[in-house]
There are 2 protein chains.
Amino acid sequence: MLELAILGFLHDAPLHGYELRKRITALTGHVKPVAESTLYPAIKRLENARLLERATQPGSVAAPRHVLTLTEEGGRELRRRLAQPPQRDITDENRWFTVLAFLRHLPDPGAQAAVLRRRLAFLEEPASFFYDGDRPLRAEELDDPFRRGILTVARATSQAELTWLRTTLDSLDAAGR
Amino acid sequence: MLELAILGFLHDAPLHGYELRKRITALTGHVKPVAESTLYPAIKRLENARLLERATQPGSVAAPRHVLTLTEEGGRELRRRLAQPPQRDITDENRWFTVLAFLRHLPDPGAQAAVLRRRLAFLEEPASFFYDGDRPLRAEELDDPFRRGILTVARATSQAELTWLRTTLDSLDAAGR
DNA sequence: GGACAATACATCGGTTTCGAGGTATAAGCG
DNA sequence: CGCTTATACCTCGAAACCGATGTATTGTCC
């Protein structure tokens, strides 16, 4: 997820690590902060895999900056990850939002729609957090107000996202024709 | 988060690991699956910390079951974690839902309300995913339909949860008086 | 003039998590 | 009788992540 965000931001423009960190913090940091000690090793991983290149830029504000640029292979890898995200990126909202944030980098509207359809399928299958045997429980059936809250909030999210997904898929399909 | 779920479920009733796994999968598994290779070491950690005890129950269906029981110290630890969750558990929805799922185990309505108020404070501060400098961008200002989706869904979630939080806090305050 | 925050990068050890695989038993099916 | 599925537990190595800490420079505030 972190690597996807790095690739995605660098696809827009070359950045140095510190700036990258600020952007990632703005994107997902209020929910799930990213430590520097997680970011720099991730950059190194991507560099070792030749997905990005580093150019030292001296005479800068403070310590010498390492400007990071996506390689062609890095661009391909970004598109590969966006087109075929693992199931985990579809189901976990944190990860899913990261996919969405960069999905425009997929050149083909059909490929974009295919990813949205996977999320649609996930949201359409009946799933709860609490069960009576196999039967999913509804909010009204719960005594616990906190568990009721979980279901209430999850249902509202799901409704809003389903609406958005369907209209967006319609316009993508219209554009694809 | 996993440890909290284990402590929470065992507070209700002693369970063996396999059953625990099924409950955790029902609770959060559709969003973020838990591998067995994560669960069993987690159980062992909690056992080593004397937060739970293990009793082998032979003559069972298949392999001998290890029935896990929460110790008194385990109960105290559960309440401690519920009363003072780290900020990460407040901001990250996955973690927050786990806190909510077991918050009823806190005996004091005032303490429950205090936790909800932390989430309320987090949701009330203006935060976006995308910025123009320091100014948070609204959905309408974005060209990218996918990024617009993020904001649309996040706003709907936030609205629903704020409503639920306020009514629940009202009734908790009424009960506390 | 000195404290402090921001910029910019990095390492280290420890913890958690994941994926892949392994070992058994029992029940149901054809 | 073998096959699959479910029950039930476990290990191993690799990856990922986190908190603490370190280094150095520049700009800002009092």
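Any value given below was found using the heavy atoms of this structure, including those in side chains, with hydrogens, waters and symmetry copies removed.
- Under the 30°/60° scheme for interplanar angles, the aromatic rings of A:His105 and A:His11 are found to be tilted.
- One can place CG of B:Leu2 at 16 Å from P of C:dT15, the figure rounded to the nearest angstrom.
- A:His66 places its NE2 atom 15 Å from the P atom of D:dA24, with the value rounded to the nearest Å.
- Screening residues 141-153 of chain B for side-chain hydrogen bond (donor to acceptor under 3.5 Å, both in side chains) gives A:Arg104-B:Asp144, B:Arg135-B:Glu141 as the qualifying pairs, with residues at least two apart or on separate chains.
- When all heavy atoms are compared, the tightest approach of B:Val115 to B:Ala83 is CG2-O, 3.8 Å.
- Shortest non-hydrogen contact noted between B:Leu4 and B:Leu78 is CD1-CD1, 3.9 Å.
- An angle of 30°, rounded to 10°, separates the two end axes of the helix from C:dG1-D:dC30 to C:dG30-D:dC1, each defined over five pairs.
- Straight-line distance from the CG atom of A:Leu4 to the P atom of D:dA16: 13 Å, rounded to whole Å.
- Sorted by residue number, the members of residues 35-44 of chain A with any non-hydrogen atom under 4.0 Å from DNA chain C read A:Glu36, A:Ser37, A:Tyr40, A:Lys44.
- Here B:Arg21 lies out of heavy-atom contact (under 4.0 Å) with every strand.
- With sequence neighbours excluded, the residues that form a salt bridge (charged side-chain N to carboxylate O under 4.0 Å, His left out) with A:Arg80 are A:Glu73, A:Glu77.
- In this structure, NZ of B:Lys22 is placed 13 Å from C1' of D:dT5, rounded to the nearest angstrom.
- Pairs passing the ring pair (Phe, Tyr, Trp, His ring centres under 6.0 Å) check and including a residue from residues 75-94 of chain B, sequence neighbours excluded, do not occur.
- When every heavy atom of B:Gly17 is checked against every heavy atom of B:Leu68, the shortest pair comes out as N-CD1, 4.1 Å.
- Spacing between atom CZ of B:Arg45 and atom P of C:dG14 amounts to 16 Å, rounded to whole angstrom units.
- Residues that satisfy the ring-ring contact (aromatic ring centres under 6.0 Å, His included) test with A:His66, not counting sequence neighbours, are absent from this structure.
- Partners of A:Arg23 by salt bridge (charged side-chain N to carboxylate O under 4.0 Å, His left out), not counting sequence neighbours, listed by chain and number: A:Glu19.
- One interatomic measurement links the two molecules: CZ of B:Arg65 to P of C:dT25, which rounds to 17 Å at whole-angstrom precision.
- When the C1' atom of C:dT17 is taken as reference, atom CG of A:Asn94 falls 16 Å away, rounded to whole Å.
- For the contact set between residues 8-20 of chain A and DNA chain C, defined by any heavy atom under 4.0 Å, the members are A:His16, A:Gly17, A:Tyr18.
- In this entry the distance linking NZ of A:Lys32 with C1' of D:dC18 reads 11 Å, nearest Å.
- A heavy atom lying under 4.0 Å from DNA chain C marks the following residues of residues 73-89 of chain A, by number: A:Arg88.
- Within the structure, salt bridge (Lys or Arg N to Asp or Glu O under 4.0 Å) pairs that include any residue of residues 27-37 of chain A comprise A:Arg21-A:Glu36 (at least two apart or interchain).
- Counting only residues at least two apart or in different chains, ring pair (Phe, Tyr, Trp, His ring centres under 6.0 Å) contacts with residues 15-42 of chain B comprise A:Phe129-B:His30.
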Solution key, residues 94-102 of chain B side-chain donor-acceptor pairs under 3.5 Å, sequence neighbours excluded:
from    : atom 1 : to       : atom 2 : distance (Å)
B:Arg95 : NH1    : B:Asp89  : OD1    : 3.1
B:Trp96 : NE1    : B:Glu161 : OE2    : 2.8
B:Thr98 : OG1    : B:Asn94  : O      : 3.2

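- Residue A:Phe146 holds its CZ atom at 5.5 Å from CG of B:Leu116, rounded to the nearest 0.5 Å.
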